[in-house]
Amino acid sequence: EKGGYDYFMLKEIAEQPKAVADTLLGRIDAAGTLSLDEVRIPASVLREVDKVVIVACGTAYHAGMIAKYAIEHWTRIPCETELASEFRYRDPILDQRTLVIAISQSGETMDTLMALRHAREQGARVLAICNTNGSTIPRESDAVLYTHAGPEVAVASTKAFLTQLVACYLVALYLGQVRGTKWGDEIRSVVRELSAIATQVDEVLETMEPVRELARSLADKNTVLFLGRHVGYPVALEGALKLKELAYMHAEGFAAGELKHGPIALIERDLPVVVVVPSPRGRSVIHDKIVSNIQEIRARGARTIVIAERGDTAVRPYADHLIEIPPTPVLLQPLVATVPLQVFACELATARGNEVDQPRNLAKSVTVE
Ligand code: BG6
């Protein structure tokens, strides 16, 4: 049932191009128009939404963090992403015009379920993004957009995460489409480029041998830091989470802009630091700033592991290890940038003799609050 792979996680990483393609299937027509009829929240209601709140846990929370950038950019609706476990305890402000999006692979996570119950009690509409048909979270929501990752067995989420991202982008683009926001042309071009993402994920998977080799060489390290900015920031957090879950290493993700406000004090000789570099196109200001960050940490002796768009020549002189990913629209980069971090964590776990599919102390689905 592992299809020739040593671990479910390896199989599930390899299944990502198909999972991504399956999640897009039937949702984009030839003209590049989105149809999410299954969502069943009428366009008239979606046009009235004045706030989006995303609740989720763990890896799904990182997908939600990325969704915030896309939703605010394409729809101009204020959006916040919150850990489901924190949400209801602070008495959040919700009403009929709030759209709450609950993201969950299993559909059974109690923290997320309790957050959405609270939201519905306050009159908010809840849209679930879920991978498990008929599970509790979609049953208790107003609507559901299913991810089509197929069953995910490994505790550490991989293909479910990528499909959660796809679903989030679809929702963001759809909201932009029904509301006719000024980003109409961009929305149409991103929808077209989303269709190419599965192939790009496949391209990344084909170039992972140096990443595995690098991971093995770091097996005796204690700490790995991750830096990112804009949508690369949640990717950095996700890379760090994977390493904690699987390799049991001290791993932390930081927003690169925060480096100078504290984390730079942690930099010491030979410390591995993974940096997720935004596209040099698009928001090139932050690209240049992150290149400076890489220079700063390297000057202090860090070993820089740089994930950058293919053809990004500016980062090369400062990368001890360069991991190249295909060019994508700026907001879609997490779909390709996360993949090397999954492979990296999986290989490090293996090199350290850990149980990859069933990490210690963790459960696939946590049904207690
Ligand atoms: C955690 C799992 O306990 O729950 C994570 O170990 C997962 O991998 C998180 O991301 C949320 O799970 P779900 O099913 O709600 O997406």
Side-chain angles (χ1 to χ4, degrees), residues 62-63 65-70 72-73 81 165 169 190 193 200 204 207 210-211 214-215 218 221 223-243 251-345:
H62 296 150
M65 283 182 78
I66 292 164
K68 173 186 161 77
Y69 290 82
E72 291 199 337
H73 179 69
T81 301
L165 286 178
Y169 292 125
V190 172
E193 299 196 58
Q200 293 179 316
V204 176
T207 58
V211 173
L214 170 66
L218 299 175
K221 295 281 180 193
T223 298
V224 181
L225 301 184
F226 294 76
L227 294 177
R229 191 158 186 162
H230 192 252
V231 289
Y233 168 43
V235 173
L237 296 179
E238 174 61 8
L241 178 62
K242 282 280 158 291
L243 215 55
E252 267 195 90
F254 297 107
E258 272 295 290
L259 190 64
K260 57 187 174 300
H261 301 300
I264 199 162
L266 293 170
I267 305 297
E268 53 189 37
R269 188 143 299 282
D270 280 336
L271 177 75
V273 183
V274 179
V275 188
V276 183
V277 179
S279 165
R281 302 161 295 116
R283 285 159 191 72
S284 58
V285 181
I286 58 170
H287 172 269
D288 297 350
K289 288 188 191 298
I290 223 166
V291 175
S292 306
N293 293 143
I294 301 172
Q295 284 176 262
E296 283 156 10
I297 57 174
R298 199 158 182 269
R300 288 163 178 80
R303 188 157 155 197
T304 56
I305 301 164
V306 177
I307 301 181
E309 198 171 274
R310 199 166 50 226
D312 183 345
T313 48
V315 294
R316 276 187 201 152
Y318 316 109
D320 294 315
H321 304 272
L322 182 62
I323 302 169
E324 290 188 307
I325 52 175
T328 61
V330 173
L331 284 159
L332 301 191
Q333 198 200 48
L335 286 167
V336 290
T338 306
V339 175
L341 300 179
Q342 299 167 341
V343 172
F344 181 70

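Computation of the quantities below employed the complete heavy-atom set of this structure, encompassing side-chain atoms and omitting hydrogens, waters and symmetry-equivalent molecules. For reference, positions follow the sequence shown, starting with 1.
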Between Gln333 and Val235, is a side-chain contact (heavy atoms from CB on, under 4.5 Å) present by the stated rule, with each step listed? CA-CA 9 Å; Gln333 198 200 48; Val235 173; over 6 Å; no
Step by step, work out the side-chain contact (heavy atoms from CB on, under 4.5 Å) result for Leu243 and Phe344. CA-CA 8 Å; Leu243 215 55; Phe344 181 70; 4.2 Å; yes
Give the intermediate values and the outcome of side-chain contact (heavy atoms from CB on, under 4.5 Å) for residues Tyr318 and Ile297. CA-CA 10 Å; Tyr318 316 109; Ile297 57 174; over 6 Å; no
Take Val273 and Ile267, measure what side-chain contact (heavy atoms from CB on, under 4.5 Å) needs, and give me the verdict at the end. CA-CA 9 Å; Val273 183; Ile267 305 297; 4.0 Å; yes
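Scanning both residues, Ile66 and Pro234, for their nearest heavy atoms gives CG1-CB, 3.5 Å. The nearest pair of heavy atoms linking Tyr169 to Pro334 is OH-CD, 3.6 Å. Val306 and Ala319 get closest at one heavy-atom pair: CG2-CB, 3.6 Å. Considering every non-hydrogen atom in both Val330 and Val231, the closest pair reads O-CG2, 3.6 Å. Closest approach of Gly239 to Leu341, counting heavy atoms only: CA-CD1, 3.8 Å. The heavy-atom pair separating Ala240 from Ala251 by the smallest distance is O-CB, 3.5 Å.
Here the straight-line distance linking atom CD1 of Ile305 with atom CG of Leu322 works out to 11.5 Å at 0.5 Å rounding. Interatomic distance, CG of Leu259 versus CD1 of Ile294, reported as 10.5 Å (0.5 Å rounding). Note that CG of Leu225 is 4.5 Å distant from CG of Leu271, once rounded to the nearest 0.5 Å. If you take CG on Asp270 and CG on Leu218, they are separated by 10.0 Å, rounding to the nearest 0.5 Å. Note that the CZ atom of Phe254 and the CD1 atom of Ile264 stand 11.5 Å from one another [nearest 0.5 Å]. Rounding to the nearest 0.5 Å gives a distance of 10.5 Å between CG of Leu227 and CG of Leu237.
Sorted by first and then second residue, the salt bridge (Lys or Arg N to Asp or Glu O under 4.0 Å) pairs involving residues 301-314 (not counting sequence neighbours) are Glu203-Arg310, Arg281-Glu309. Pairs engaging residues 223-239 under the salt bridge (Lys or Arg N to Asp or Glu O under 4.0 Å) rule: Glu238-Lys242 [sequence neighbours left out]. Listed by first and then second residue, the salt bridge (Lys or Arg N to Asp or Glu O under 4.0 Å) pairs involving residues 315-338 are Arg298-Asp320, Arg316-Glu324 (not counting sequence neighbours).
The number of heavy atoms from other shown groups lying within 6.0 Å of NZ (Lys221) is above 12.
A salt bridge does not link Arg300 with Glu296: none of the charged nitrogens is closer than 4.0 Å to a carboxylate oxygen.
At least one donor-acceptor pair under 3.5 Å links the side chain of Gln200 to the backbone N or O of Pro327. Distance alone, capped at 3.5 Å, places no donor-acceptor pair between the Thr338 side chain and the Leu335 backbone.
A side chain to side chain contact (heavy atoms under 4.5 Å, CB included) with Val291 is found for exactly one of Val315, Ile286, Val275, namely Val315.
A heavy-atom distance below 4.5 Å is not found between the side chains of Leu266 and Thr223. With a 4.5 Å cut-off on side-chain heavy atoms, Thr328 and Ser279 do not count as touching.
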